[in-house]
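Numbered from 1 within each chain, the chains take letters A, B, ... in sequence-line order.
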2 protein chains.
Amino acid sequence: MRREKTLDAVGERELIRLLMGAPYSDPAVLIGPGDDAAVVRPRPGREVVLKADAIVENVHFLPDSAPFWIGHKAAARVLSDFAAMGATPRHLLVSLAAPGRTPVSRVKGIYKGLRDLCEAFGVSVVGGETVTASELALHIFGAGELPRGRALTRSGAKPGDVVMVTGALGGSIRGKHLRFEPRVREGQWLSAGNWATAAIDVSDGLATDLFHLAEASGVHVDLDAASIPIASAARAMKTPRDPLRRALFDGEDFELIFTVRPRRVESFFHAWRERFDLRVTAIGLIGRGAGPICLHRGGQELVELTNGGYEHFSRNSASTT
Amino acid sequence: MRREKTLDAVGERELIRLLMGAPYSDPAVLIGPGDDAAVVRPRPGREVVLKADAIVENVHFLPDSAPFWIGHKAAARVLSDFAAMGATPRHLLVSLAAPGRTPVSRVKGIYKGLRDLCEAFGVSVVGGETVTASELALHIFGAGELPRGRALTRSGAKPGDVVMVTGALGGSIRGKHLRFEPRVREGQWLSAGNWATAAIDVSDGLATDLFHLAEASGVHVDLDAASIPIASAARAMKTPRDPLRRALFDGEDFELIFTVRPRRVESFFHAWRERFDLRVTAIGLIGRGAGPICLHRGGQELVELTNGGYEHFSRNSASTT
């Protein structure tokens with residue numbers, strides 16, 4: 001068997017050259033990879049949006065995960081945060097930590113997935129760092145922009161607003177957690193049309209992320225169990241969690257949760273369907289006063305959801321009380 | 001013995017709250033930590049400078065390194081890259097990878113060092129991520145700005161330019177590699193006064209980083225051995241490397257190397273000494289045509305330096321040939 005070339009065998013600069021590929025024709029990139037830092041030109045009057053995120057082997061992907069989808073996921077997670085701000089991602093920097101024994105082909109596969117996604121969204125990779133480490137990890141930094149004052153924060157939800165979610169939820173572990181499409185265009189559209197009062201993406205699970213939004217807005221949420229769109233992956237899984245629980249608590253769906261003023265709901269649905277094929281569902285209502293997420297079925301209060309879902313460094317598992 | 005509280009015992013959100021501390025009064029930070037991304041306002045007409053960098057336990061610091069100085073180093077490395085671009089760092093994002101067993105107090109110490117340095121340079125920490133990992137690592141993302149077209153790149157050195165270096169070199173392993181002061185003000189001053197034709201910071205060692213600058217500029221360098229400022233730490237070390245070799249090949253000095261047009265050298269020295277107490281030394285000349293770094297002593301060619309120094313993923317050790 002031919003032995004694969006590993007990172008040990010190539011220098012850091014050669015590796016970065018291999019990974020960075022052809023220079024960009026992006027006119028906003030004044031100085032790309034290869035100098036002490038990248039220099040880019042913002043469009044006049046825009047605010048700058050910044051985000052850091054990381055994925056680690058055996059936490060966010062497995063040793064046998066396809067390299068292309070590892071890279072895709074690393075970039076898509078950051079793009080999903082831009083989506084949740086209604087922002088346009090423009091530039092990405094990649095900080096790769098990897099053991100010296102890592103095959104170069106694996107790292108190239110990862111960068112291919114990352115760059116292909118970036119290309120699809122008009123994002124330029126303007127910097128790359130590599131460091132020796134005992135396990136593979138990708139730390140991704142994204143910079144982008146927003147027209148002034150148009151950020152979709154978590155804190156703008158108001159009593160009476162309707163809670164919406166894109167796509168369907170649960171069971172992402174069966175593949176979507178690696179291969180999801182970040183809802184960047186949808187987020188930009190929500191911001192541009194001033195449709196959403198607040199937004200967040202589903203990374204820790206619907207119940208947890210919706211609670212983050214409610215907490216930041218100082219409101220509570222009444223959720224309609226029957227309306228929650230359950231992914232076929234969640235229905236297909238034979239595990240202790242029923243499909244509804246999966247839709248509520250499974251993480252890494254990377255759909256958008258957002259809130260719409262009640263008087264705009266009808267025109268929102270009309271405009272959305274003109275523009276996107278993606279499913280969007282009204283799943284609940286914002287209530288006055290800070291409080292928990294309450295799950296209703298048939299108009300009768302069912303349960304209060306605790307701040308469950310998956311949280312790093314926490315041993316508490318997801319639960320309903 | 002009282003058992004220390006570890007990351008395992010606190011949730012990710014509580015940890016980030018602990019670490020982020022008080023919100024900023026920086027008016028350029030429109031949305032700080034706590035939402036899906038940070039939003040900042042660039043000054044009109046400025047270019048945006050972006051840089052990612054990482055430090056990993058047992059590579060860039062040791063398990064018994066003081067937490068404060070680990071954090072200081074993580075931020076200072078990135079600030080040093082801004083210095084080498086002549087840019088002003090404005091915002092930092094921190095992606096922390098750590099095992100669940102890490103004491104919270106250690107992580108707090110790290111953030112204290114990081115934030116103190118940022119404060120000294122007017123930099124706001126606008127985002128933080130934490131991920132579970134098997135070893136401690138800090139990936140730092142910096143965003144800053146430059147007046148249009150004023151970047152100090154590596155590629156602007158011209159034949160006849162004088163090569164300068166700040167401070168003294170070698171032996172950083174005795175402490176400076178953790179506790180160094182990034183040359184941000186010096187870099188900004190070099191850019192603002194249009195003093196430097198090219199610049200780079202010393203991270204991999206004088207020989208290696210000067211070679212990067214020469215290669216990017218398509219020139220070669222004649223270096224005067226007697227002029228190279230050797231740090232007392234390098235002289236004090238009893239090791240196989242002599243002090244000059246340490247000054248040439250030891251990494252992580254984080255001084256600035258830059259080039260000055262010959263007709264401006266006299267006024268440069270005058271202006272520098274008016275402005276800074278920091279030592280600056282002319283150590284060589286830029287020669288026409290791409291080529292190696294040649295080390296001269298007493299006007300006689302001595303040796304060609306190979307692209308030595310420390311390079312990640314490379315097993316080649318530093319050498320003179």
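The candidate from B/I55, B/L213, B/I140 with the greatest count of non-hydrogen atom pairs under 4.5 Å with chain A is B/I140. Of all the listed residues (A/S134, A/A54, A/P42), the one sharing the greatest number of non-hydrogen pairs under 4.5 Å with chain B is A/S134. The choice from B/L50, B/I31, B/T6, B/L152 that makes the most heavy-atom pairs within less than 4.5 Å of chain A is B/L50. Among B/E57, B/E135, B/H91, B/E145, the residue with the largest count of heavy-atom pairs under 4.5 Å with chain A is B/E135. Most heavy-atom pairs under 4.5 Å with chain B: of the set A/A84, A/A37, A/G45, this distinction falls to A/A37.
With a threshold of 4.5 angstrom between heavy atoms, A/L30 approaches chain B through side-chain atoms but not through N, CA, C or O. Both the backbone and the side chain of A/V48 come within contact range of chain B, judged by heavy atoms closer than 4.5 Å. Only the side chain of B/V56 comes within contact range of chain A, with at least one heavy atom under 4.5 Å from a heavy atom of that chain. Interface remark: A/R148 contributes side-chain atoms only to the contact with chain B (heavy atom separation under 4.5 Å). Contact of A/A83 with chain B is not made at all, since no heavy-atom distance falls under 4.5 Å. Looking at A/N58, neither its backbone nor its side chain comes within 4.5 Å of chain B, counting heavy atoms on both sides. Using a 4.5 Å cut-off between heavy atoms, A/I200 touches chain B through backbone and side chain atoms alike. Only the side chain of B/A143 comes within contact range of chain A, with heavy atoms under 4.5 Å apart.
Salt bridge annotation for A/R154-A/E215: absent, with no cationic side-chain nitrogen under 4.0 angstrom from a carboxylate oxygen. Salt-bridge annotation for A/K51 and B/E129: present, with a side-chain N of the basic residue lying under 4.0 Å from a carboxylate O of the acidic one. Between A/E47 and A/R150 there is no salt bridge, since no side-chain nitrogen of the basic residue lies less than 4.0 Å from a carboxylate oxygen of the acidic one.
The closest donor-acceptor contact from the side chain of A/T259 to the backbone of A/A198 lies under 3.5 Å. In this structure, B/T153 contributes its side chain and B/S155 its backbone to a donor-acceptor pair below 3.5 Å. Using modelled atom types, one side-chain atom of A/T166 and one backbone atom of A/L256 make a donor-acceptor pair closer than 3.5 Å.
Residues B/A157 and B/V219 come closest through the heavy atom pair O-CG1, 3.7 Å.
The shortest distance between side-chain heavy atoms of B/V131 and A/V59 does not fall below 4.5 Å. Looking at A/L190 and A/F258, their side chains come closer than 4.5 Å, going by heavy atoms from C-beta outward.
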